[in-house]
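One structure below.
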Amino acid sequence: MGKFSKLITEPLRKTNPITVLVLGVCSCLAVTAKMKPAVVMAISVTVVTAFSNLIISLLRNGIPARIRIIVQLVVVAALVILVDQFLKAFVYDVSKQLSVFVGLIITNCIVMGRLEAYAMSHKPIESFFDGIGNGLGYGLILVIVAFFRELLGSGSLWGFPIVPKAFYAAGYLNNSLMILPPMALIIVGIVIWIQRSRHPELQEKK
Amino acid sequence: MNLFNIFIKSVFIDNMIFAYFLGMCSYLAVSKTVKTSFGLGMAVTFVLLITVPINFLVNKYLLSDGALAWVSPQFAHVNLSFLSFIIFIAIIASIVQILEMIIEKFSPSLYAALGIFLPLIAVNCAILGCSLFMQERGMNNVAEATVFGLGSGLGWLLAIVGIAAIREKIRYSNIPKALQGIGISFIITGLMGIAFMAFLGIKI
């Protein structure tokens, strides 16, 4: 199992899809104002990445190279429709909050990036674990960003108030700037800064 | 909503990058110089201008609830909207392919400017996102959808040219090593987003 556990843990740290490879940033930032949509989004992306990796890897020898992008898009789009219908059926309120961003998993660069870079050239089982690992790496950043935005912006986590009432009585205010989109970018910037300070080999050469 | 209102709103207030983070991947990857980012911005605007109205027509006459009533009354209760993701992305991918061939044939100079970016655009989230927003916000007619597509494209162009200009300027600044490149680009985009929030209060 050593190889498989490595496939899952590597993307959490050194080959993180968002902070190192800079893939999948598009849909990542808009859903992180609260913890709940962020976790749902992370799970959806993990499922789509894992299964599209598995399916494309099974089909990889039968796909003509010229039309592979279209084939990949169709497989991913079919999976995303399944996820979207599932979310609408079971967690309708979250699916409303995510709005178009569930559909945008189709063009999420992580999914396409892993299909191109990994699934087209590896065996199905390995590709499946690679998909799970990258989905989790993406989810980790999502949850970190959502944690700080919800804690500082709304004073709650997962919808439960965390900041004590006494703080508000003493004049503490929620920083409503954290809820607004630009702060998500700045938090991701800081996460990248911390990660690259700890792993100097990731720093960009001029 | 009049057309001018939609245009201003989609360029400044609901800017694709600063309000919805759509198309961030190519935005961060290609914004190293103003010249290439202008080329990519033009290509995105061009593709949005064409795909959003087409997807609007497809949505109105094929996919939305009861849309097939024009074929025959017995289809009036058919609702195909669950297929919209797959249809939209297929339309976008094929239009990008066709556009590439047409431009190559009729305008080699435009092809030289846009050519390398066109294949990238099929998987740019801004394009699919714009079509999905068009569907979600319930645009009324083709004119509104066209203006919405054009405005979103120009907003994206504005954002990418802006950050490319700033990145050219900061190339020789003294930035902490770990923050160079992607890190500082994220933070600059955040600051630009805060600047764009000034447009939020505008009522037209």
Side-chain angles (χ1 to χ4, degrees), chain A residues 18-32 69-70 72-74 76-78 80-81 84-85 88 99-113 177 180-200 202-206, chain B residues 15-29 82-90 92-94 97 119 122-137 171-172 176-197 200:
Chain A
I18 293 184
T19 58
V20 181
L21 308 176
V22 203
L23 293 174
V25 185
C26 329
S27 60
C28 133
L29 299 163
V31 300
T32 51
I69 302 277
I70 297 259
Q72 290 164 359
L73 278 176
V74 170
V76 176
V80 170
I81 288 177
D84 182 49
Q85 297 292 321
K88 274 189 183 140
S99 74
V100 300
F101 291 97
V102 179
L104 288 173
I105 297 176
I106 300 172
T107 49
N108 191 318
C109 330
I110 293 181
V111 182
M112 296 297 288
L177 191 60
L180 295 167
M183 284 314 286
L185 288 160
I186 293 179
I187 294 176
V188 175
I190 294 169
V191 170
I192 292 176
W193 188 2
I194 294 171
Q195 194 194 22
R196 292 194 176 178
S197 309
R198 290 177 58 199
H199 300 282
L202 297 176
Q203 288 168 13
E204 284 174 40
K205 313 264 180 312
K206 273 212 174 164
Chain B
N15 188 292
M16 278 286 157
I17 294 274
F18 299 127
Y20 299 107
F21 314 106
L22 294 178
M24 285 295 287
C25 313
S26 34
Y27 168 83
L28 289 169
F82 69 95
L83 282 178
S84 51
F85 295 161
I86 206 162
I87 302 277
F88 283 178
I89 195 74
I92 289 168
S94 43
Q97 194 81 57
V123 288
N124 186 325
C125 349
I127 312 287
L128 181 62
C130 198
S131 286
L132 292 175
F133 275 128
M134 172 274 296
Q135 187 191 30
E136 189 182 88
R137 290 181 192 162
R171 191 165 299 154
Y172 301 107
K177 263 211 155 56
L179 202 54
Q180 274 167 15
I182 291 302
I184 195 71
S185 310
F186 268 101
I187 292 178
I188 294 170
T189 312
L191 295 176
M192 287 168 76
I194 292 177
F196 263 68
M197 273 163 51
L200 272 181

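Numbers restart at 1 for each chain; the letters A, B, ... are given by sequence-line order, proteins then strands. Both backbone and side-chain heavy atoms feed into the values below; hydrogens, waters and symmetry mates do not.
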Using the side chain to side chain contact (heavy atoms under 4.5 Å, CB included) criterion, which residues pair with B:I184? Sequence neighbours excluded.
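For B:I184 the side chain to side chain contact (heavy atoms under 4.5 Å, CB included) partners, ignoring immediate neighbours, are B:I170, B:I175, B:L179, B:I188.
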
Does any heavy atom of chain A fall under 4.5 Å from the side chain of [X], the backbone, both, or neither of them?
X: B:F18; result: backbone
X: B:M192; result: neither
X: B:A19; result: backbone

Looking at A:D84, A:V102, A:V76, A:V80, which one has more heavy-atom pairs under 4.5 Å with chain B than the rest?
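Looking at each option in turn, the highest pair count goes to A:D84.
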
Using a 4.5 angstrom heavy-atom cutoff, name the option from B:I127, B:L28, B:L132, B:I17 with the most pairs to chain A.
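Of B:I127, B:L28, B:L132, B:I17, B:L132 has the most heavy-atom pairs under 4.5 Å with chain A.
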
Approximate separation, where rounding is to 0.5 Å, of B:F133 CZ and A:L104 CG
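So the gap between those two atoms works out to 7.5 Å.
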
As an exercise, state the distance from CD1 of B:I86 to CD1 of A:I81, rounded to the nearest 0.5 Å.
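Atom-to-atom, B:I86:CD1 and A:I81:CD1 are 4.5 Å apart.
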
Which pair of heavy atoms, one from A:P182 and one from B:G193, lies closest together, and at what distance?
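The answer is CG-C, 3.6 Å.
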
N/O donor to acceptor pairs below 3.5 angstrom from side-chain atoms of residues 184-195 of chain A, sequence neighbours left out:
unit_1, atom_1, unit_2, atom_2, d
A:Q195, OE1, A:T19, OG1, 2.7
A:Q195, NE2, A:R13, O, 2.8

